[in-house]
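Everything on this sheet refers to the single structure shown next.
Naming convention: chains lettered A, B, ... in sequence-line order (proteins, then strands); numbering from 1 in each chain.
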Amino acid sequence: MRIEKGRANKITNLAEAVNRYVFDGCHISIGGFTMVRNPMAAIYETIRQRIKNLHLYAHSNGQGVDELIGAGCVAKLEIAYGGNGRFASTCVRFRKAVEQGTLPVEDYTNYQMTLRFMAGAMGVPFLPTRSSLGTDIIDKWGFTEAMRKEDPKIPDQKLIVTDNPFNKSGTIPKVVLVPAINTDVAILHVQKADAQGTARIHGLTFSDVEQAKSARHVILTCEEIVSQDDLRADPDQNQIPFFYVDAVVPVPFGAYPTSCHRCYDYDPAYLNEYLKSAQDDTLFAAYLDKYVYGSRDHQAFLEQIGPDRINRLKADPRTGYAVGLDRR
Amino acid sequence: MRIEKGRANKITNLAEAVNRYVFDGCHISIGGFTMVRNPMAAIYETIRQRIKNLHLYAHSNGQGVDELIGAGCVAKLEIAYGGNGRFASTCVRFRKAVEQGTLPVEDYTNYQMTLRFMAGAMGVPFLPTRSSLGTDIIDKWGFTEAMRKEDPKIPDQKLIVTDNPFNKSGTIPKVVLVPAINTDVAILHVQKADAQGTARIHGLTFSDVEQAKSARHVILTCEEIVSQDDLRADPDQNQIPFFYVDAVVPVPFGAYPTSCHRCYDYDPAYLNEYLKSAQDDTLFAAYLDKYVYGSRDHQAFLEQIGPDRINRLKADPRTGYAVGLDRR
Amino acid sequence: MSAYTQRELMAIAAARQIRDGDIVFCGTGISMLAAMAAKHISAPQSVLFFETGAIDSVLEEIPMTVADSRVMFWTSVNGSLADAFATMQNRITGSHVIGILGAAQIDRFGNLNSTVIGDYHKPAVRFSGSGGASDVASFVSRTIIFMQHEKRKFVPKVDYITSPGWIDGPGGRGRTGLPEGGPFAVITNMGIMYFDERTKEMYLGGYYPGISPRRILDNMGFSVDISRAAEVTPPSDHELRILREVCDPQRLILGG
Amino acid sequence: MSAYTQRELMAIAAARQIRDGDIVFCGTGISMLAAMAAKHISAPQSVLFFETGAIDSVLEEIPMTVADSRVMFWTSVNGSLADAFATMQNRITGSHVIGILGAAQIDRFGNLNSTVIGDYHKPAVRFSGSGGASDVASFVSRTIIFMQHEKRKFVPKVDYITSPGWIDGPGGRGRTGLPEGGPFAVITNMGIMYFDERTKEMYLGGYYPGISPRRILDNMGFSVDISRAAEVTPPSDHELRILREVCDPQRLILGG
């Protein structure tokens, strides 16, 4: 780590970062939530590099998860919510893959997935919660015994219900223990980072910080590289220390078509077009060819979308989003 | 809570707040760390109101803890560190009380106490850690079985060492489960709060946020009451939502003689004088008479200290502390 | 009194269930709209709260996800998922949170399915899954549920229990180790169902103008007591104006 | 070569143990001073890290507590106790943290007592207790320990194990369930002790100029191997200048 994660200048390009840290069969998580602050540029680059068999962990990453599944990059999924807000009550490529039986899924809740990342970040094997007692989230396991045996990275049990050993008052009879997640790589998109990798997220952090700390390697894409002094003048506002980070990649609009608080909004037109394409395999293949494989990089992708559409998404400084944007 | 902790204007005076929420025998925690951001004004008011038999929880609150113990307010103590930085490798009144056998103490580590507040805040009965395995922190209990039986607020076990039920990889064979703390009241001193109780802490938060969320009632003293809009213009920087808070008390220099980041430094002269007085019961009684009982309120206390000394402690805006202060 | 759509009526019916001062956990869509409407109509002191960590949001525009930048505006605190769920699991704050949820299936005890239709391992239909729904249903004091009134959705036994209701009736939650609290009301396109204090079973509390209790029973896979049902007061012009002009002028949630 | 005090020598001896790039957990006092000196002399890339949540502090003045505003200045991140300890318990970052601790008693395996002298329930002397020391000693890869060389402090058996060392020797930590790693060096007022790779027992690695290994043994409650001991190079003028002029001009830690 002294070499990889130390004070070195970690700025690199996206193709290089993805090529180095995202590999066939790796265990991975991505930051953001539904159509907000997903590391889309890195996700499209992963698809472009045709990296397969990912073991993907997510709480509610709608758009990023659905595109990775649709492009055939995902072999196993542990997730809480396969939807995308108002743009997809259930993500279409996710739904198709599960209904066709091609994608093994393990279901948890958003809090359980968050606690699992937190446990990994804390270096403990599990964390307790009272969530989902009495439900099929406890009783029904998506991953078979065999799958759990053969992959040393997956815990041998989905979760464990146990009596509360401190149950003196009797108010909390039982808890659910959820196992830690320790990924090979986490990819996050943030507003600001410096060359060493200290990062500042504006707005809600979701479980991005826990994801970064539970991963062996961290790729940060950011809207803007700022000077170390800019971030250190008010360190209360920074969330990720540089020594957790391996690669820093400046990618303006790197979350597009998802939103990035204080920078730009999600693109309803794109998300609606995606939803239409996702319904049909031929249309979806054409979608990937046009926007993902058909773009050399994120810059080229944005050029396809065109500056007019992009500019309409720019955030209003008072609110942090594009006020009055037509979101139909 | 809708009544107590809702949107009401919670601004009150310190005598009223302490009288209402700090009672004989209550379980209490205070914010800060060693001689930094302790809620000293509220602590002196608690001493002044001669509230006794407190069950006090602290990780490393040096000055506040030692004054409460010295004034005879504390019946039981759960703590990690009874020191005060360079001003007392071991707090003197704490040391005397324990050596004289008048103060039952339960020893934990700083991380364990932090996890215990966090468990209370999260509403779970315990949290796991690998800390202190193989030590006497595990084996030796300060509170007797009888004490633990008679007080329903104390868990029946200090902590529990258990096998890791997810021990597939064998890397983490055992964990220590530390029990949640749920206090009757937490008292914190912060830099900024609004009338509803939304709070912003500048600099390190220690375990103040977890303490607030694990308490039934919260008293916030603050350097400054600011408008709701001031805090809401950048909510990323606020840590405590108003609905956790019961009372908001504006007390400039409310942490004095401890420090408050960006506002003022600790007062070495006061802390050295305190240390000298603490060595001797007669001197200490005189100390309490002069500074605590001898002051009508915190304002009167500060007047005893005098504006020259106070002004020397004022923080330099660049660093947040009093640069070049004589700290010998 | 002006005409209104079913969706408008549902949003208003739910909004009326929110007490002033409640901390309201909102999901995406109509649940958010109901909370927003209540805030502007009958519960100005209520707190809009999102699982993503936004506490006491000021919604100048309707969000399209609980993570939308629109929920981050002018809040008391912008935190994280961990903070938000801890606030609901917390014994003091959690008891003052009311949750609004939707689902694909519901049974007589208010247990919800939002995961699969059919066998979990070979689903005929796959839905989004829990998200934060099971957490909320586990932790908070009262939940309000949005449903479409159809036989295949009100079923004797849900295909998969995603979010716990009253489990199997009186004492059911206690036996599983869940905190107290549970489903309070079910708002549908035809009426409002409540749960009996004693039996924890669903009963018809109200039917919308022009819809008979009988017709509601015809749209359920199990029968419920209709003896306590009364006609629901239709939305007032004021309620409709707030809903249409203040909350969702683009009809993003209300639809056409 | 200029004269120097014992404390100055101890601080420099400890500073020399810090590798460039280490994440250095600092306690209050001489341990902080040693880390600050190393940063200015031999380990400019090292990270000063405090249990209070300050990460990569820029110390323009020596702090008098790990919570001092001086540790909050120009950091990478200002967090909380929970963040700081998680960073040490974390399997990836924790393995790169080196901890510097002090204690009242130490045994041959580097187990430390900073809690009581005598019976825990009726102590003759009460000390501060663990603070973060037991956490650090449990989690991190290497710890450096400051001690005064006295018979009553180097004891066959400590009165209370506050912070785990190598427990009872080879495999001891594994048997208790602790992570790998453990005590690395003990810096005293007379010399430097290391721990044998195989037996995990303390041995004398270095003695200060003018102090014989024999005299060191006379000041210990148990005997150790002295066959590997060499004289410690005294502090250079450069090291002393940095220590005195840059790190602690008020001699707050160095003393008179």
Side-chain angles (χ1 to χ4, degrees), chain B residues 1-10 117-125 127 180-186 190 192-201 205 209-218 226-246, chain C residues 18-25 38-39 42-50 52-60 69-98 135-136 138-142 177-181:
Chain B
M1 186 176 90
R2 272 189 293 277
I3 299 98
E4 283 176 40
K5 301 204 182 198
R7 296 184 184 280
N9 179 327
K10 295 165 186 165
F117 287 122
M118 198 187 296
M122 291 167 69
V124 291
L127 283 172
I181 292 171
N182 291 282
T183 54
D184 297 304
V185 61
V190 303
K192 297 191 177 97
D194 67 21
Q196 279 184 354
T198 294
R200 178 176 300 178
I201 296 170
T205 56
V209 179
E210 293 86 349
Q211 285 182 47
K213 295 179 177 181
S214 61
R216 178 158 301 281
H217 298 293
V218 174
V226 296
S227 76
Q228 189 172 307
D229 287 355
D230 283 349
L231 293 182
R232 293 192 175 221
D234 191 0
D236 300 8
Q237 293 195 60
N238 307 334
Q239 297 93 350
I240 303 175
F242 65 89
F243 54 64
Y244 283 99
V245 175
D246 297 88
Chain C
I18 295 167
R19 303 181 191 145
D20 204 12
D22 280 344
I23 301 172
V24 188
F25 167 93
K39 180 105 184 135
S42 55
Q45 302 296 305
S46 60
V47 176
L48 301 191
F49 170 83
F50 298 88
T52 47
I55 294 175
D56 201 28
S57 306
V58 173
L59 299 183
E60 293 189 349
S69 272
R70 288 154 186 82
V71 308
M72 305 180 196
F73 179 68
W74 229 252
T75 59
S76 171
V77 174
N78 279 340
S80 66
L81 270 70
D83 298 329
F85 288 112
T87 299
M88 291 188 268
Q89 195 173 224
N90 181 292
R91 277 175 276 184
I92 293 159
T93 44
S95 63
H96 298 279
V97 177
I98 173 171
D135 303 309
V136 175
S138 296
F139 298 150
V140 311
S141 62
R142 287 152 58 227
L178 285 168
E180 290 174 4

[atom1]-[atom2] distance between [X] and [Y], expressed to the nearest 0.5 angstrom:
| X | Y | atom1 | atom2 | result |
| --- | --- | --- | --- | --- |
| C:Ile92 | B:His217 | CD1 | NE2 | 7.5 Å |
| C:Thr93 | B:Tyr244 | OG1 | OH | 3.5 Å |
| B:Lys213 | C:Asp83 | NZ | CG | 4.5 Å |

So, the side chain of [X] versus the backbone of [Y]: is there a donor-acceptor pair under 3.5 Å, distance only?
| X | Y | value |
| --- | --- | --- |
| B:Arg232 | C:Phe73 | no |
| B:Asn238 | C:Ser76 | yes |
| B:Arg7 | C:Gln45 | yes |

Checklist entry - Between C:Met72 and B:Pro235, what is the shortest heavy-atom contact and its length? => result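 Heavy-atom minimum between the residues: O-CG, 3.9 Å.
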Item to check | side chain to side chain donor-acceptor pair (under 3.5 Å) partners of B:Asn9, counting only residues at least two apart | outcome: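 B:Asn9 satisfies side chain to side chain donor-acceptor pair (under 3.5 Å) with no residue once adjacent residues are dropped.
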Item to check | Under the side-chain contact (heavy atoms from CB on, under 4.5 Å) test, residues paired with B:Val124 that sit two or more places apart | outcome: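 Checked B:Val124 against side-chain contact (heavy atoms from CB on, under 4.5 Å); matches are A:Pro128, B:Ala119, B:Met122, B:Leu127, C:Gln89.
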Checklist entry - Given that the side chain runs from C-beta out, which part of B:Gln239 has a heavy atom under 4.5 Å from chain C: side chain, backbone, both or neither? => result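 B:Gln239 touches chain C through backbone heavy atoms alone.
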Checklist entry - Of the backbone (N, CA, C, O) and the side chain (C-beta and beyond), which part of B:Ala199 lies under 4.5 Å from a heavy atom of chain C, both, or neither? => result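 For B:Ala199, no heavy atom lies under 4.5 Å from chain C.
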Checklist entry - Which region of C:Ser46, side chain (C-beta onward) or backbone (N, CA, C, O), has a non-hydrogen atom less than 4.5 Å from a non-hydrogen atom of chain B, or is it both or neither? => result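 For C:Ser46, backbone heavy atoms alone lie under 4.5 Å from chain B.
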Next on the checklist: I'd like to know which of C:Val58, C:Ile55, C:Asp56, C:Val47 tops the heavy-atom pair count under 4.5 Å against chain B.
Outcome noted: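 It is C:Asp56.
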Checklist entry - Given the rule in the side chain to side chain contact (heavy atoms under 4.5 Å, CB included) test, do C:Arg91 and B:Asn182 qualify, once you have shown the distances and angles that lead to the verdict? => result CA-CA 10 Å; C:Arg91 277 175 276 184; B:Asn182 291 282; 3.1 Å; yes
